[in-house]
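Step one of this worksheet: look at the structure below.
These values consider heavy atoms only, across backbone and side chains, with no hydrogens, waters or symmetry-generated copies. Letters A, B, ... mirror the listed sequences (proteins, then strands); counts begin at 1. Because the structure is predicted, anything quoted here is derived from the model rather than measured.
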Number of protein chains: 4
Amino acid sequence: MQIKLDHALTMIAAARKEAQKINVPMVIAVVDEAGHLIAQQRMDDALLVSLDIALSKAYSAVAVKMATDELGALAQPGQPLFGIHTCDNSRIVIFGGGFPIKYNGRIIGGIGVSGGSVEEDMRCAHAGLNALVLPE
Amino acid sequence: MQIKLDHALTMIAAARKEAQKINVPMVIAVVDEAGHLIAQQRMDDALLVSLDIALSKAYSAVAVKMATDELGALAQPGQPLFGIHTCDNSRIVIFGGGFPIKYNGRIIGGIGVSGGSVEEDMRCAHAGLNALVLPE
Amino acid sequence: MQIKLDHALTMIAAARKEAQKINVPMVIAVVDEAGHLIAQQRMDDALLVSLDIALSKAYSAVAVKMATDELGALAQPGQPLFGIHTCDNSRIVIFGGGFPIKYNGRIIGGIGVSGGSVEEDMRCAHAGLNALVLPE
Amino acid sequence: MQIKLDHALTMIAAARKEAQKINVPMVIAVVDEAGHLIAQQRMDDALLVSLDIALSKAYSAVAVKMATDELGALAQPGQPLFGIHTCDNSRIVIFGGGFPIKYNGRIIGGIGVSGGSVEEDMRCAHAGLNALVLPE
């Protein structure tokens, strides 16, 4: 099972709708199982920095096979993975908003959202994840 | 006049439709007047290299205020701008498929398409440009 | 309202004057609302590292829509945005000296100063901000 | 003899005045003998790509100890230095508009101008060079 462009657009539309509901402009990105971009959208007036962060969150979730908020807990000073945020050309994000996309227990891609508080980003990313419907 | 996300999605949808008509998977990107991404989509099975090239074509058209095929003519060996393709962190593309988006004579963004032959890329980019409807 | 080159030079001259008053050589940069450089000046004998830091501070303030000292508070270990300093190609600075330039509540650019202590940098950046006079 | 900030600002003002005379918005940069920026200014509406190119031209003139148009002749296909434009992280520009700043036969810095045709860039850079007055 691979994420098609139309799957990604469905996920992004759902995340965007949630972002509109809470009135926070977001950048939303979906990547494939190799971490490569399938689609990305920047809502009007979203933070410029979110262009990079949304994509990097989606990438990180695939690259580390973990949600970025879970990774963040392991990456604090004194924790086992402190310093990982500068690995891989500093593409690894260690705060919430990036999630792996799973299918039958396998990771087939990632979604990343940036633009609001970490909680808002995670909420919109979840909306995107929930919108994905794949065949059994 | 600024290009909104919905404008960009309309343009990309039109370029994608043209790409489907000629049966060539493309990557399509739209950037704002500062060269920053608004939206990007990778069609299923598109070339991996096209992710960078489509975005860089859109960026180049804004950064140089010229279509990338026009720039290419000035950037051949012996021509005045030979070597420009490695400027600006090598983001400048010197073959066709990137166009400025104009409104009342001013450049308000750029579109870039990559995935087929240069002629195919340009054809799909034109379809995107033609789909943009802005108020007088 | 856009920041013109002459606005930027006025701001930089004021920041420089303040730096001379406290006898600390500084680098001062002003960027537009897209984060792109308008003008940058390095005072004689300023720290070499300040070339990058001043520009990155100005960029960060625009990219995150926040002063860099405010961002710094959110980016400490254990805080929500810990790790953001290596995002966006490590261009995000998380200590003071970068400020958004606002006009009627909208961010139209950023100023960044580097070369002294954080307090000195902030003081000179404020002098630059205060020197900007825009029409009502 | 070192180029001070005030020297650089004098040179840039002269280059800018020439650019205004021919009505072409330019980016103008001056670097020191180590190739590091002293000052840079982007005139309103100048090409975005010129931000990088002006600075890289100034850097190249210092790094290669040669005007960039002279270097360009040596960097064409079949010539001895073909390929040099991708050296040094692709910062080497091989078309006109970058000149070393000399004092008593020694190179003490560089000036780079970008925004118009190569001839226009060179003309404005010359205006900058001619404006520099150093003690005997």
Side-chain angles (χ1 to χ4, degrees), chain A residues 1-20 23-56 58-59 62 89 91 108-115 124 128 134, chain B residues 1-20 23-56 58-59 62 89 91 108-115 124 128 134:
Chain A
M1 177 61 55
Q2 289 186 316
I3 301 176
K4 303 288 189 184
L5 173 55
D6 285 329
H7 295 140
L9 294 179
T10 298
M11 296 180 75
I12 292 175
R16 182 185 178 188
K17 194 173 172 186
E18 188 71 17
Q20 287 167 328
N23 204 28
V24 180
M26 301 280 193
V27 179
I28 308 148
V30 172
V31 302
D32 65 18
E33 64 185 330
H36 297 308
L37 185 148
I38 301 175
Q40 184 167 12
Q41 294 179 20
R42 173 163 59 112
M43 292 171 65
D44 305 332
D45 299 316
L47 296 180
L48 190 53
V49 77
S50 294
L51 270 178
D52 177 83
I53 294 181
L55 182 56
S56 293
Y59 173 80
V62 168
N89 297 306
R91 295 183 67 192
I108 59 170
I111 184 170
V113 177
S114 174
C124 293
L134 295 172
Chain B
M1 176 60 56
Q2 288 186 315
I3 301 177
K4 303 287 188 186
L5 173 56
D6 285 329
H7 295 139
L9 295 179
T10 298
M11 296 180 76
I12 292 175
R16 182 185 178 189
K17 194 173 171 185
E18 187 71 17
Q20 288 167 327
N23 205 28
V24 180
M26 300 281 192
V27 179
I28 307 147
V30 172
V31 301
D32 66 18
E33 64 186 329
H36 296 308
L37 185 148
I38 301 175
Q40 183 167 15
Q41 294 180 19
R42 173 163 59 111
M43 293 171 63
D44 305 331
D45 300 316
L47 298 177
L48 190 52
V49 76
S50 294
L51 271 176
D52 177 82
I53 295 179
L55 183 56
S56 293
Y59 173 81
V62 167
N89 296 306
R91 294 182 69 190
I108 58 171
I111 184 170
V113 176
S114 172
C124 292
L134 295 172

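Taking the side chain as every heavy atom from C-beta outward, B:Arg42 and A:Asp32 approach each other to under 4.5 Å.
The minimum heavy-atom distance between B:Leu51 and A:Leu37, with the atom names listed, is CD2-O, 3.6 Å.
Contacts with chain A (heavy atom to heavy atom, under 4.5 Å) involve these residues of residues 2-10 of chain B, listed by number: B:Lys4, B:Leu5, B:Asp6, B:Leu9.
Interface remark: B:Leu48 contributes side-chain atoms only to the contact with chain A (heavy atom separation under 4.5 Å).
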